[in-house]
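Below: one structure, written as structure tokens.
Just so it is clear: chains get the letters A, B, ... in the order the sequence lines come, proteins before strands, and each one is counted from 1. Just so it is clear, the values below take in all heavy atoms, side chains as well, and ignore hydrogens, waters and symmetry mates.
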There are 2 protein chains.
Amino acid sequence: MEKTIIELEQAAQTLKLLGDKTRLTILGLVKDSECCVCEFVEVLQMSQPSISQHLRKLRDAGLVKEQRRGQWIFYSLNRDHATYPIIHQVLEQIPDQKEKLTALEEAGLRIQCDS
Amino acid sequence: MEKTIIELEQAAQTLKLLGDKTRLTILGLVKDSECCVCEFVEVLQMSQPSISQHLRKLRDAGLVKEQRRGQWIFYSLNRDHATYPIIHQVLEQIPDQKEKLTALEEAGLRIQCDS
DNA sequence: TTATAATATAAGTATATGCTTATATACGCA
DNA sequence: TGCGTATATAAGCATATACTTATATTATAA
């Protein structure tokens, strides 16, 4: 990937959002595929409002995109964000969260959210 | 650089520390050379206690090393820290802070801290 | 049209954070 | 020894953060 220079202030804002275990995991999850709120709730074993509030922060900062599909709202990584290169690099260096999604799938908990 | 996998919890802790403009600048400064507290104070235009408190956080987490040299205490980047690869990547993607140090030097404010 | 499911928002609360001012500590030098 | 400089620490305070519980919103389905 080409080297991009990101303004320090903006970088700090993004890093602050990454500096939370819950949000970092959420980003690790949407790196691989779109997820809906109930999936985050299941994977992270946290309350739905708590997850929603973390998602709102990520969305307000523009780090994730949301897309309503019927009853569900799917979140995905916004690869167009100015600080995406930082996020990409960070996610490259932490354990893959994909397996948590496949575990969900095997438990039959992934399907409930498919459109 | 070889790819290293950093535990999520530890990564989050480091990212939290990076997620502050002051600390991110400090790390950007020590990336290039050792600095003492008075230099951070000068460059960042913040109070000495405030700078000291940020440095303590970075030191407690092991992200920077300190070395006393006479009256001064010099801080440097700890490249042996488990999360250093993340820090390295982040610093690669923000503007270089080196010029702030050369500006200090030109103003004759750098010498006062040399041992 | 009502009930249910998925999600968001609001309000409350405990703790964390980042400053401030005041003071302590450590070193060098006269 | 005593003073000045560099730095650390302590205490106080305002604001931010991350939960909680309760309620609102939106869409589907009976």
Side-chain angles (χ1 to χ4, degrees), chain A residues 9 12-27 29-30 34-61 63-76 104 108-115, chain B residues 9 12-27 29-30 34-61 63-76 104 108-115:
Chain A
E9 192 138 5
Q13 196 219 347
T14 288
L15 290 163
K16 187 178 209 168
L17 288 169
L18 298 188
D20 173 275
K21 215 182 141 188
T22 302
R23 287 190 296 263
L24 191 53
T25 306
I26 287 176
L27 291 171
L29 287 166
V30 294
E34 294 190 311
C35 295
C36 68
V37 181
C38 59
E39 291 173 317
F40 297 127
V41 169
E42 189 60 36
V43 168
L44 291 158
Q45 291 286 299
M46 290 176 65
S47 76
Q48 175 268 316
S50 190
I51 294 291
S52 267
Q53 284 156 16
H54 282 294
L55 286 169
R56 182 166 53 169
K57 289 195 176 191
L58 293 173
R59 174 174 40 82
D60 285 353
L63 303 192
V64 299
K65 292 182 289 188
E66 67 174 32
Q67 196 205 351
R68 170 148 238 148
R69 219 177 295 150
Q71 218 166 348
W72 300 282
I73 298 176
F74 284 81
Y75 286 88
S76 58
L104 252 199
L109 292 166
R110 192 98 205 272
I111 309 108
Q112 68 181 17
C113 292
D114 286 358
S115 66
Chain B
E9 193 138 3
Q13 195 220 344
T14 288
L15 290 163
K16 188 178 208 167
L17 288 169
L18 298 188
D20 174 275
K21 214 181 141 187
T22 302
R23 287 190 296 264
L24 191 54
T25 306
I26 287 176
L27 291 171
L29 288 166
V30 293
E34 295 189 312
C35 295
C36 67
V37 181
C38 59
E39 290 173 317
F40 296 126
V41 170
E42 190 61 36
V43 168
L44 291 159
Q45 291 287 299
M46 292 176 62
S47 76
Q48 175 268 314
S50 189
I51 294 291
S52 268
Q53 283 155 17
H54 281 295
L55 285 169
R56 181 166 54 168
K57 289 193 177 192
L58 293 172
R59 174 175 38 83
D60 286 354
L63 303 192
V64 299
K65 293 182 289 187
E66 68 173 32
Q67 197 205 348
R68 170 148 239 149
R69 221 179 293 151
Q71 218 165 348
W72 299 282
I73 298 176
F74 284 80
Y75 285 87
S76 58
L104 252 199
L109 291 166
R110 192 96 206 272
I111 308 109
Q112 66 182 16
C113 291
D114 285 356
S115 65

- prompt: Can you check the B/Leu58 CG to D/dT7 P distance for me, whole Å?
  reply: 16 Å

query: Can you name the residues that form a side chain to side chain donor-acceptor pair (under 3.5 Å) with B/Arg59, not counting sequence neighbours?
result: B/Glu66

task: Quickly work out the B/Glu66 CD to D/dT9 C1' distance and round it to whole Å.
output: 13 Å

query: So, is B/Arg59 near the phosphate of D/dT9, with a side-chain N or O under 4.0 Å from OP1 or OP2?
result: yes

- prompt: How many Å lie between CG on B/Leu55 and P on C/dT17, as a whole number?
  reply: 17 Å

Counterpart residues, side-chain contact (heavy atoms from CB on, under 4.5 Å), relative to A/Lys16 (two or more places apart): none

- prompt: What is the distance from CD of B/Gln48 to P of C/dG18, rounded to the nearest Å?
  reply: 17 Å

Protein and nucleotides 26-30 of chain D: nitrogen or oxygen contacts under 3.5 angstrom:
none

query: Can you name the residues that form a side chain to side chain donor-acceptor pair (under 3.5 Å) with B/Lys57, not counting sequence neighbours?
result: none

- request: Find the distance B/Ile73:CD1 to C/dG28:P and express it as a whole number of Å.
  value: 11 Å

statement: When rounded to whole Å, the CD1 to C1' distance for the pair B/Ile51 and C/dC19 reads 12 Å

query: Among all residues two or more places apart in sequence or in another chain, which pass the side chain to side chain donor-acceptor pair (under 3.5 Å) test with B/Ser52?
result: B/Gln48

What N/O pairs connect the protein and nucleotides 13-18 of chain D at under 3.5 Å? Give each pair on its own line.
from: D/dT17; atom 1: OP1; to: A/Lys16; atom 2: NZ; distance (Å): 3.4
from: D/dA18; atom 1: OP1; to: A/Asp20; atom 2: OD2; distance (Å): 3.3
from: D/dA18; atom 1: OP1; to: A/Arg23; atom 2: NH2; distance (Å): 3.4
from: D/dA18; atom 1: OP2; to: A/Arg23; atom 2: NH1; distance (Å): 3.0
from: D/dA18; atom 1: OP2; to: A/Lys57; atom 2: NZ; distance (Å): 3.0

message: I need the CH2-C1' distance between B/Trp72 and C/dC29, as an integer number of Å.
response: 12 Å

query: To the nearest angstrom, how far is A/Phe40 atom CZ from D/dC19 atom C1'?
result: 19 Å

query: Within the pair B/Tyr75 and D/dA6, is there a side-chain N or O less than 4.0 Å away from OP1 or OP2?
result: no

A/Val64 to A/Tyr75 - nearest heavy-atom pair and separation: CG2-CD2, 3.8 Å

message: If you compare every side-chain N and O of A/Ser52 against the phosphate oxygens of C/dT7 (OP1, OP2), does one of them come in below 4.0 Å?
response: no

query: With a 4.5 Å heavy-atom cut-off, do B/Thr22 and B/Phe40 have their side chains touching?
result: no

query: What residues form a side-chain contact (heavy atoms from CB on, under 4.5 Å) with A/Ala61, not counting sequence neighbours?
result: A/Gln13, A/Leu17, A/Leu63

statement: Contacts of B/Gln53 meeting side-chain contact (heavy atoms from CB on, under 4.5 Å) (sequence neighbours excluded), chain-then-number -> B/Pro49, B/Arg56

- request: Could you tell me which residues satisfy side-chain contact (heavy atoms from CB on, under 4.5 Å) with B/Gln67, sequence neighbours excluded, listed by chain and number?
  value: B/Glu34, B/Arg69

